[in-house]
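Everything numeric in this text was worked out from a predicted model, so none of it was measured. Reckoned from all heavy atoms, side chains included, excluding hydrogens, waters and symmetry mates. Numbered from 1 within each chain, the chains take letters A, B, ... in sequence-line order.
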Amino acid sequence: MSEEKHEMSGPVRTRFAPSPTGFLHVGGVRTAMFSWLLAQRFGGEFLLRVEDTDQKRFVEGAEQNMMESLRWVGIAWAEGPDVGGPHAPYRQSERLPIYQRYAEQLVAQGDAYQSWTSPAELTAEREAAAAAHQPPPRRDRWRNASPEQVAAQEATGQRFVIRLKLPEEGSVVFYDLVKKDTITFDYSGQDDIVILKSDGFPTYHLAATVDDHLMGITHVMRAEEWLASTPKHLFIYQSLGWQPPAFAHVPNILRPDGRGKMSKRDGDASTEQFWTKGYLPEAMFNYLALQGWSYDDHTEIMTVAEISQRFSLERVQPSPARWNLEKLNWMNSQYINHVLTLDDLARRSLPFMQNGGYLKDAVEGDEEYLYYRAALELIKDRLKLLGEAPDLLSYFFADRLQYDTALLLGKGITAEQVATVLDHTIHLLQSDQYAAWHLSDRETGPEANLRGLAAELGVKVGSVFMPIRVAITGRSQSPGLFETAEVLGKERTLFRLREALHQVQGQ
RNA sequence: GGCGCAUUCGUCUAGAGGCCCAGGACGCCUCCCUUUCAAGGAGGAGAUCAGGGGUUCGAAUCCCCUAUGCGCUACCA
């Protein structure tokens, strides 16, 4: 077994622990995905924990939104705030006494201390240090307060915070599964971070560490910004006598311009907008997996099951990747055209059609639905997002097409000739042969006949087909003419041709 | 300012001392197909492997330095 599971006994347990401060952005989904994939790969367990320890930044509904985003791409958890589990509760705001107990223990052991330094004093000190181009103060002046001073201060009843009391010297070394290397930090450069705030809530550092241990997390996978605080977490594990988990810091996804990581301030990064636009969860999963992980030198399209089987931290890139929407779009159209069956595509596009005002009462399998499905087949190769379906299919459902007459009168053909073409086509389709024709049959269908007409009129074949195209679709771009006519049906096609003829004659 | 991490085509990546004067994908360009637009097929441009030093018979791959980028440096996560 690889390094990823070294020294581990029992099942791999991973977690995703978002903070409910807004929507889940795609970088967050990717981090959650890697965590989930590691558990999947080793037949382990994955859980969801909500880190709502900052009351000021709490956003109503964010938790629900994040869970929806995760479910959308196919990430499921066996334990979590919504489903419970053996280590419930999974919301940190409901676990306050636990953190307080450990914070007190650390103070009692001398590994943490109480501080009454006010936030105003702290910022003043930091600003002064910054102005002098000096590093900010790492220690708090209460660090070395005498028991008498502390007791006296405590008697005043003023609120305090608890800070970690990091060693004066020495260093921490740990191995990172993504960096594939050992990372060293000197204690001297580390802050005595706050682990318990004055409102009684823990900070991330205490809460995450305590919960990861209590919940049996074997592999802590998280975004790279946590790398720098890992030594503090390790100090907590050590002070509490706990075996630390393995760490894997996954690189951030950078904004398309490469300037900075994706964040909640980038509206384009919100996961939910991808489903509302019509990205397929499988495509999103596939794309995101490849953003920082690869299987080999050429495989790109993989199912979730394949990725789960093939995932490996060894192949996770240690450097950040930029968000590439073009590639996601390509991936999505690959799934639309080469992975989904037509039935599946029709089923999934239906809500978007209904949203666009079509097929309100359609029931899968009924006549209208079948018509829609046939039309969808014609346009799917130019469908990149399901949300584009209503526009791409609009002329299949319009009662009367609206278009500029100029569109009918193309180059290289006169108005009279256009009228002739339309009239000829109408008669052609009206003839008894229509029922027998497979319109798209080039040899025996109307195509051969119309090509003959073009020769007769002395115009290009394209000049003959274009007015017909505009007549039946209202556009100069469409799928194959005869396939389209076939789906539209004789009645609708003839009606549109006659309308176009009137329009030309009315000129 | 300090500390940490990273650095292969524009972008995502393959590459773990000779198979690499660097392979694949997206995007871009050309051609083919063709009634339009796509899709598809075939090609092409595009990376002195961030730069500089080493180590070695031999380095994209190992070591060092520099540069640049990103991250952290909150009683936010």
Side-chain angles (χ1 to χ4, degrees), chain A residues 17-21 51-54 56-57 115 117-119 122-123 126 129-136 138 159-163 176 178-181 183-186 188-191 193-199 201-205 207-208 222-231 249 251-252 254 256 258-261 287 290-301 314-315 317-331 333 337 379-384 410 447 450-451 454 460-466 468-470 473 475-482:
Chain A
S19 177
T21 54
E51 312 223 321
D52 54 345
T53 55
D54 187 350
K56 291 185 285 294
R57 294 208 306 156
S115 167
T117 310
S118 73
L122 253 18
T123 46
R126 278 187 205 110
H133 295 286
Q134 291 296 312
R138 324 237 87 121
R159 293 192 162 196
F160 57 87
V161 299
I162 293 180
R163 288 180 178 276
D176 188 279
V178 168
K179 304 298 180 191
K180 294 149 203 92
D181 201 1
I183 297 163
T184 307
F185 284 91
D186 287 337
S188 61
Q190 300 289 314
D191 300 346
I193 44 142
V194 171
I195 55 172
L196 198 74
K197 306 179 221 179
S198 57
D199 62 1
F201 276 68
T203 59
Y204 171 87
H205 308 288
R222 52 178 22 167
E224 181 160 21
E225 56 261 32
W226 296 113
L227 189 62
S229 46
T230 304
H249 290 92
N252 286 303
L254 267 26
R259 305 192 65 79
K261 59 173 181 167
Y287 168 74
L290 257 22
Q291 204 72 176
W293 172 81
S294 62
Y295 174 57
D296 57 20
D297 63 347
H298 65 279
T299 311
E300 304 239 78
I301 306 295
E314 286 159 27
R315 298 191 67 89
Q317 200 76 12
S319 54
R322 291 195 198 185
W323 183 251
N324 184 346
L325 190 68
E326 294 284 352
K327 185 123 187 191
L328 206 214
N329 288 340
W330 171 80
M331 187 74 78
S333 61
N337 284 290
I379 60 93
K380 70 170 193 157
D381 64 5
R382 66 205 71 196
L383 187 63
K384 284 208 168 8
E447 178 170 348
L450 285 168
R451 282 175 184 278
K460 285 186 186 167
V461 175
S463 300
V464 164
F465 286 125
M466 189 50 81
I468 301 173
R469 175 186 319 285
V470 173
T473 68
R475 305 181 182 196
S476 55
Q477 298 172 0
S478 79
L481 210 46
F482 301 101

Name all residues meeting the ring pair (Phe, Tyr, Trp, His ring centres under 6.0 Å) criterion together with [X]; count only those two or more places apart in sequence or in a different chain, and write none if there are none.
X: A/Phe160; value: A/Trp116
X: A/Trp226; value: A/Tyr204
X: A/Trp323; value: A/Phe274, A/Tyr287
X: A/Phe201; value: none

Pick out the pairs of N or O atoms, protein on one side and nucleotides 20-24 of chain B on the other, that lie under 3.5 Å.
from: B/G23; atom 1: N2; to: A/Asp297; atom 2: O; distance (Å): 3.4

Once you apply a heavy-atom cut-off of 4.0 Å, does [X] come out as touching a base, just sugar-phosphate, or nothing?
X: A/Ile183; result: sugar-phosphate
X: A/Leu481; result: base
X: A/Thr53; result: sugar-phosphate
X: A/Ser188; result: nothing

Between atom [atom1] in [X] and atom [atom2] in [N], what is the gap in whole Å?
X: A/Gln190; N: B/A74; atom1: CD; atom2: C1'; result: 15 Å
X: A/Leu450; N: B/U34; atom1: CG; atom2: P; result: 18 Å
X: A/Gln134; N: B/C3; atom1: CD; atom2: P; result: 12 Å

Partner residues of [X] under the salt bridge (Lys or Arg N to Asp or Glu O under 4.0 Å) criterion, sequence neighbours left out:
X: A/Arg159; answer: none
X: A/Arg469; answer: none
X: A/Glu326; answer: none

Could you write out each protein N or O paired with an N or O of nucleotides 69-72 of chain B at a distance under 3.5 Å?
from: B/G71; atom 1: OP1; to: A/Lys261; atom 2: N; distance (Å): 3.2
from: B/C72; atom 1: OP1; to: A/Lys261; atom 2: NZ; distance (Å): 3.4

Taking only residues two or more places apart in sequence, or in another chain, which ones meet A/Thr230 in a side chain to side chain contact (heavy atoms under 4.5 Å, CB included)?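 A/Thr230 satisfies side chain to side chain contact (heavy atoms under 4.5 Å, CB included) with A/Phe174, A/Arg222, A/Leu234, A/Phe247, A/His249 once adjacent residues are dropped.
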
State which residues pass side chain to side chain contact (heavy atoms under 4.5 Å, CB included) with A/Ser319; sequence neighbours excluded, sorted by chain then number.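 By the side chain to side chain contact (heavy atoms under 4.5 Å, CB included) rule, A/Ser319 matches A/Gln317.
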
Provide the distance between the two C1' atoms, one in B/U30 and one in B/U11, to the nearest whole Å.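 Those two atoms are separated by 22 Å.
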
Roughly how far apart, to the nearest Å, are B/A6 and B/C32 at atom C1'?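 After rounding to an integer number of Å, I get 44 Å for this pair.
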
Less than 4.0 angstrom between a side-chain N/O of [X] and OP1 or OP2 of [N], yes or no?
X: A/Arg322; N: B/U7; value: no
X: A/Ser294; N: B/A14; value: yes
X: A/Lys380; N: B/A39; value: no

Polar-atom pairs under 3.5 Å, protein N or O versus N or O of nucleotides 41-45 of chain B: list them with distances, or write none.
none

Is it true that atom NZ of A/Lys460 has more than 12 heavy atoms of other residues, nucleotides or ligands lying nearer than 6.0 Å?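 No, because the 6.0 Å sphere around NZ of A/Lys460 holds 12 heavy atoms or fewer from other groups.
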
Residue met sooner reading RNA chain B from 5', once A/Pro18 and A/Lys179 are mapped to nucleotides: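 Per heavy-atom nearest nucleotide, the more 5' residue is A/Lys179.
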
